[in-house]
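Report on one structure; see the data block that follows.
Both ligands and their constituent atoms are indexed starting at 1 by order of listing.
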Amino acid sequence: MDFALDETSEQIRDLARDFATNELAPRMAEIDDAHAHPWDIFKQLGELGFYGIIFPEEAGGLGLDFLTYAIVLEEIATGCFNTGLMMGVHTMSTHATYTWGSKELSEKYVPQCMAGEKLFAFALSEPDYGSDAAGIKTRAVKKDGGYVINGTKAWITFGEAADYFLVMATVDPELKSKGITAFIVEKGWDGLSFGEPEKKMGGNGLITSQVILEDVFVPEENRVGDEGVGLKIALGALDGGRIGIAANATGVMRRAFDESLKYAKERIQFGREIIRFQSMQFKFADMAAKIEASSLLTKKAAWLKGKGLPCTKEASIAKLISTDFANEVCSEAVQVMGAYGYMQDYPVERLLRYIKCTQIFEGTNEIQRIVIAKHFM
Ligand SMILES: Cc1cc2nc3c(=O)[nH]c(=O)nc-3n(C[C@H](O)[C@H](O)[C@H](O)COP(=O)(O)OP(=O)(O)OC[C@H]3O[C@@H](n4cnc5c(N)ncnc54)[C@H](O)[C@@H]3O)c2cc1C
């Protein structure tokens, strides 16, 4: 296993680092407070080629590996967690279409998404079916050369900002998981509407809302893969998605570490900088260890995925450990900064409010433990 990057991958990592430092980090609060999709940033990432990292050159991508993608995502999240999440979800839906969709479907939707011209959401969860994704009730009924879809999807990242939705629906509830099928639905189609943007604890630079399908007609050619393989597509996409969340969490931890360390080197109490107290140094030692462990676990899962090797367990381990550690690190960063850390004038309270959701979406951390346990049962 080798995490060394070649020259091209190093260049794109450096580009991401510069972009995160110079363009994203100064705007993290502004983006988060906007309660609207950050379209300018979304398009800039497309222009930089970041959505095309894992796509082959013949498909218009950069032809790089999943390890490079995870490393770039970590850099981006260090500058702005909303942007990191945006890149992860958008790439996940686009790549699932490329992997599982027909050639025609791929040629129609993938290039615009890679270029950052169109935004692609992932719609699996429902109000009554979150962890129990195999139970989803959104129904697709075959009719007139296509399918009529009815159902409600819940907590969908991007909400009405998205142009395209990768929607999971069942063609036959009796078949349970074997009836779940994936479809691409476009904004603007009759019968598609949206709930009000959810009021969230954090991560407010991206809209989250219900996506409501009422008699939405989807042509047969917009089915992604065969009937019945939708859950396989969703879970396969989530292997990559979870590595993306792990990278996102690692980036957020690095930001929390940097912000609180800078403060600890300046804050004077009892006549000395607080970093000179050994108990403070131990906090930073623990934080550094958690960041390093998370980054390495994420790279291991990403390396396996890039080689086309099984990585479901490793993706879950990376997601579980990185997001649990990130919650601890962000909380410690606030603690280091005392009352200032709790105030909105400093960035760390924002990191702490955001990071909680990384333990919930793309499979809660309890579900990650179930996935991991299956490998030794
Ligand atoms: C900010 C945000 C963005 C999201 N974006 C998207 C999106 O873009 N697309 C999408 O499809 N979904 C999205 N989701 C939904 C997310 O994937 C679900 O919230 C998640 O899968 C958990 O489902 P749930 O909230 O219904 O919790 P539930 O499944 O009801 O779980 C509640 C609690 O019970 C636990 N639990 C459930 N089953 C078990 C079990 N078998 N064993 C042990 N514990 C269990 C869970 O771990 C959790 O602690 C998003 C959620 C959030 C918060």
Query raised in the report: Got the closest protein heavy atom to atom 44 (N) of ligand 1, with its distance?
Result: Glu366 CB, 3.7 Å
Query raised in the report: Side chain or backbone of Leu124 under 4.0 Å from ligand 1, or both, or neither, by non-hydrogen atoms?
Result: both
Query raised in the report: For ligand 1, which atoms, with element, lie under 4.0 Å from some heavy atom of Ile360?
Result: 19 (O), 20 (C)
Query raised in the report: Does the protein put a heavy atom less than 4.0 Å from atom 16 (C) of ligand 1?
Result: yes
Requested in this report: Using atom types as modelled and distance alone, determine if a side-chain donor or acceptor of Ser260 lies under 3.5 Å from a backbone N or O of Ala256.
Outcome: yes
Query raised in the report: Just to confirm, does any protein heavy atom lie below 4.0 Å from atom 31 (O) of ligand 1?
Result: yes
Query raised in the report: Does a salt bridge link Lys178 with Asp226, judged by any charged N lying under 4.0 Å from a carboxylate O?
Result: no
Query raised in the report: For atom 6 (C) of ligand 1, which candidate among Phe122, Phe165, Tyr129, Trp155 provides the closest heavy atom?
Result: Trp155
Requested in this report: Compute the ring centroids of Tyr147 and Phe217, then answer whether they are less than 6.0 Å apart.
Outcome: no
Query raised in the report: Is the shortest distance from atom 3 (C) of ligand 1 to a protein heavy atom below 4.0 Å?
Result: yes
**Report entry** Nearest non-hydrogen partners of Ile12 and Leu48, listed with the distance
**Finding:** CD1-O, 4.4 Å
Report task. Mind listing the closest non-hydrogen atom pair of Ala249 and Ser322 along with its distance? Result -> CB-O, 3.8 Å
Query raised in the report: What's the shortest distance from atom 29 (O) of ligand 1 to any protein heavy atom, and which residue and atom give it?
Result: Ser131 OG, 2.6 Å
Report task. For ligand 1, indicate whether the residue Asn365 contacts it via side chain, backbone, both or neither (heavy-atom separation under 4.0 Å). Result -> neither
Requested in this report: Specify the protein heavy atom at minimum distance from atom 24 (P) of ligand 1: its residue, its atom name, and the distance to 0.1 Å.
Outcome: Gly130 CA, 3.9 Å
Query - Part of Glu362 with heavy atoms under 4.0 Å of ligand 1, whether side chain, backbone, both or neither - result: backbone
Query raised in the report: Can you check whether a protein heavy atom sits less than 4.0 angstrom from atom 34 (O) of ligand 1?
Result: no
**Report entry** Protein contact of atom 10 (C) of ligand 1 - nearest heavy atom, named by residue and atom, plus distance
**Finding:** Ser125 OG, 3.4 Å
Query raised in the report: Parallel, tilted or perpendicular: which fits the ring planes of Tyr354 and Phe81, with parallel below 30° and perpendicular above 60°?
Result: parallel
Query raised in the report: With ILVMFWY side chains joined below 4.5 Å, transitively, what does Ile370's cluster contain besides itself?
Result: Ile367, Val371
**Report entry** With sequence neighbours excluded, residues passing ring-ring contact (aromatic ring centres under 6.0 Å, His included) with His90
**Finding:** Phe42, Tyr51
